[in-house]
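What follows is one structure encoded as structure tokens, with my remarks underneath.
Side chains are part of it too, since the values below use all heavy atoms of this structure and drop only hydrogens, waters and symmetry mates. Convention: sequence-line order gives letters A, B, ...; per-chain numbering from 1.
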Amino acid sequence: MPELPEVETTRRGIAPHVEHKRITELQVRQPRLRWPVPEQLGQWIQGDQVQSVERRAKYLLLRFARGTLILHLGMSGSLRIQPAGSPAGKHDHVDFILESGQLLRLTDPRRFGAVLWQENGTLHPLLASLGPEPLDNAFDAEYLQACCKGRKTAIKSLIMNAEVVVGVGNIYANEALYRAGINPRRAAGRIAAARLASLVDAIKVVLAQAIEQGGTTLKDFVGGDGKPGYFKQELAVYGRAGEPCLSCGEPLSEVKLGQRSTVFCRQCQR
DNA sequence: CTAAGGACCTGTCGGC
DNA sequence: TGCCGACAGGTCCTTA
């Protein structure tokens, strides 16, 4: 589920149910996620109020008086608000029971997600070397040009590197490169400045649009019925290998790049 | 330092 | 129907 738009959608969905609410109890059924859930987490947050729900990159940050709860959804994670006492399924690993009579439940079949803690006054290593937010003004043409200078790595790998810019996952990397007319395998250092500028624009447009559409998915997602998916979204290339390019009609090509499926149009992307 | 590959884990889907 | 391999929205860590 979680590319940045889904994480932001999740944030918006849970925030009204969680902010300014006290955590009365923590239930960890499966502590073995990407990293172990800290054993003392319950002591640190029980009885304390969530002050705010923020997002940095694909991390959700729940601010408490003494520190920050860091949540990551990995490849298959989701967060839902449910009535307290709802029976837990096989992959419902962690419950945050709220004073409101609801609970915030982390479900994650593949367990690539994470539940971590950052004490006030410290910076968690995972958050230490993140690049700018893609929708932030700090992510602009000049910045991306500087990142690309002298780099031989494929442009797609570069924009998926969180030290360069956060939140660009496989789907939207494919989509943004298509929009910008850039071949995903092109060496980052060998792309003209003007084309990198349009790539910056494409990334912003694609993500902003997806966040807007995520709003539609939101109710299902958080409400707990429907599977979150991209069925509502207009993806030009992702998942369309072999189908005609929407612009020129040429069948879209697929290659592996850094183990990730990469779909593009040989005609339109150079 | 950069770049590429493996690793983590489960579920699903297509082919035989 | 059953089994097996390939693949899936992420990203850290190791290796070259």
Side-chain angles (χ1 to χ4, degrees), chain A residues 1-11 29-37 55-60 70-79 89-94 106-116 124-131 134 146-177 184-190 203 206-207 209-211 213-214 217-218 220-221 226-242 254-263:
Chain A
M1 297 116 229
E3 285 234 17
L4 182 126
E6 284 62 48
V7 178
E8 176 60 22
T9 296
T10 297
R11 187 192 70 74
R29 289 180 208 83
Q30 171 57 278
R32 306 199 55 184
L33 303 182
R34 170 102 198 237
W35 294 278
V37 177
R55 180 187 59 72
R56 172 75 174 108
K58 292 173 188 161
Y59 298 96
L60 287 170
I70 301 173
L71 300 177
H72 196 284
L73 301 178
M75 289 274 256
S76 58
S78 60
L79 284 168
K90 186 177 177 187
H91 302 297
D92 295 339
H93 305 313
V94 181
L106 174 71
T107 307
D108 186 5
R110 291 178 73 179
R111 289 195 274 128
F112 289 170
V115 177
L116 298 166
H124 198 284
L126 288 176
L127 304 179
S129 39
L130 295 175
C147 291
C148 288
K149 197 170 182 184
R151 300 290 294 275
K152 290 182 180 166
T153 195
I155 185 65
K156 178 171 180 242
S157 305
L158 185 129
I159 60 173
M160 290 183 70
N161 178 349
E163 294 188 17
V164 172
V165 57
V166 300
V168 182
N170 196 38
I171 294 177
Y172 298 110
N174 280 303
E175 296 298 317
L177 286 162
R185 291 191 284 195
R186 179 155 217 105
R190 301 195 47 200
I203 289 171
V206 158
L207 288 175
Q209 196 176 294
I211 289 172
Q213 296 185 5
T217 322
L218 174 61
D220 304 10
F221 196 21
K227 283 190 174 179
Y230 296 92
F231 42 86
K232 293 254 175 191
Q233 289 179 11
E234 296 153 26
L235 299 176
V237 286
Y238 183 84
R240 295 194 63 241
E254 179 165 27
V255 296
K256 288 285 174 196
L257 216 162
Q259 334 276 75
R260 312 304 296 277
S261 120
T262 302
V263 186

task: Rounded to the nearest angstrom, tell me the gap between atom NZ in K256(A) and atom C1' in dA4(B).
output: 15 Å
statement: Rounded to whole Å, the CG-C1' distance (D108(A) to dT10(B)) equals 9 Å
message: Whether S76(A) contacts dG9(C) is assessed here as follows: a side-chain N or O lying under 4.0 Å from the phosphate OP1 or OP2. Is that the case?
response: no
message: In the structure I gave you, are the side-chain heavy atoms of L177(A) and I159(A) within less than 4.5 Å of one another anywhere?
response: yes
query: Considering only side-chain heavy atoms of R34(A), which listed nucleotide, dT11(C), dG9(C), dT10(B), is closest?
result: dT11(C)
query: If only side-chain N and O atoms of S261(A) are considered, is one of them under 4.0 Å from the OP1 or OP2 phosphate oxygen of dA8(C)?
result: yes
message: Output the rounded distance in Å from CD1 (I155(A)) to P (dA4(B)).
response: 13 Å
Nearest-Å distance once atom P is located in both dC12(C) and dG11(B): 24 Å
Separation of atom CD in Q30(A) from atom P in dC8(B), rounded to whole Å: 16 Å
- prompt: For K152(A) and dC1(B), what is the distance between atoms NZ and P respectively, to the nearest whole Å?
  reply: 18 Å
query: If we take the P atom in both dA6(C) and dG6(B), what is their distance in whole Å?
result: 13 Å
- prompt: Between N161(A) and T153(A), is any pair of side-chain heavy atoms under 4.5 Å apart?
  reply: no
- prompt: Are OP1 or OP2 of dA4(B) and a side-chain N or O of Q259(A) less than 4.0 angstrom apart?
  reply: no
task: Report yes or no: is the ring centroid of F112(A) under 5.5 Å from the six-membered base ring centroid of dC8(B), with the two planes under 30 degrees?
output: yes
- request: Would you mind classifying the nucleic acid contact of S157(A) as base, sugar-phosphate or nothing, using non-hydrogen atoms under 4.0 angstrom?
  value: nothing
query: Heavy atoms, side chains only, cut-off 4.5 Å: are L257(A) and S157(A) in contact?
result: yes
task: Just compare dG9(C), dG11(B), dC12(C) and give me whichever is closest to any side-chain atom of Y238(A).
output: dG9(C)
field: Atom-pair distance (CG on L33(A); C1' on dT11(C)), nearest Å
entry: 15 Å
message: Are the side chains of K58(A) and V166(A) in contact, using a 4.5 Å heavy-atom criterion?
response: no
- line: Taking a pair to mean Watson-Crick or G-U wobble geometry with both distances below 3.5 Å, dA16(C) pairs with dT2(B)
field: Test applied, side-chain hydrogen bond (donor to acceptor under 3.5 Å, both in side chains); reference residue, T262(A); option that passes from E254(A), R185(A), K256(A), K156(A)
entry: K156(A)
- request: Tell me what R111(A) touches on the nucleic acid: a base, only sugar-phosphate, or nothing, going by heavy atoms under 4.0 Å.
  value: sugar-phosphate
query: Which nucleotide, dC12(C), dG6(B), dT10(B), lies nearest any side-chain atom of L126(A)?
result: dC12(C)
task: Report yes if at least one side-chain N or O of H72(A) is closer than 4.0 Å to OP1 or OP2 of dT11(C); otherwise report no.
output: yes
- prompt: Within this structure, what is the NZ-to-P distance between K156(A) and dA3(B), rounded to whole angstrom?
  reply: 16 Å
field: Upstream residue (5' side of DNA chain C) when R110(A) and G167(A) are each assigned their closest nucleotide
entry: R110(A)
- prompt: Do the side chain of E8(A) and the main chain of P5(A) share a donor and acceptor less than 3.5 angstrom apart?
  reply: no
task: Could you pull out the closest heavy-atom pair between H93(A) and D108(A), with the gap in Å?
output: NE2-O, 2.8 Å
- request: Could you check which of dG10(C), dG11(B), dG5(B) has an atom nearest any side-chain atom of P109(A)?
  value: dG11(B)
task: For H91(A) and dC8(B), give me the distance from atom NE2 to atom C1', rounded to whole Å.
output: 16 Å
- prompt: Of the candidate nucleotides dG10(C), dA8(C), dT2(B), which contains the atom at the shortest distance from the side chain of R151(A)?
  reply: dT2(B)
message: With a cut-off of less than 4.0 Å, is there a side-chain N or O of R260(A) near OP1 or OP2 of dG10(C)?
response: yes
message: Looking only at the side chain of E3(A) (C-beta and beyond, no hydrogens), which of the listed nucleotides dC12(C), dG10(C), dA8(C) gets closest?
response: dG10(C)
field: Partner nucleotide, any strand, of dA8(C) [Watson-Crick/G-U, under 3.5 Å]
entry: dT10(B)
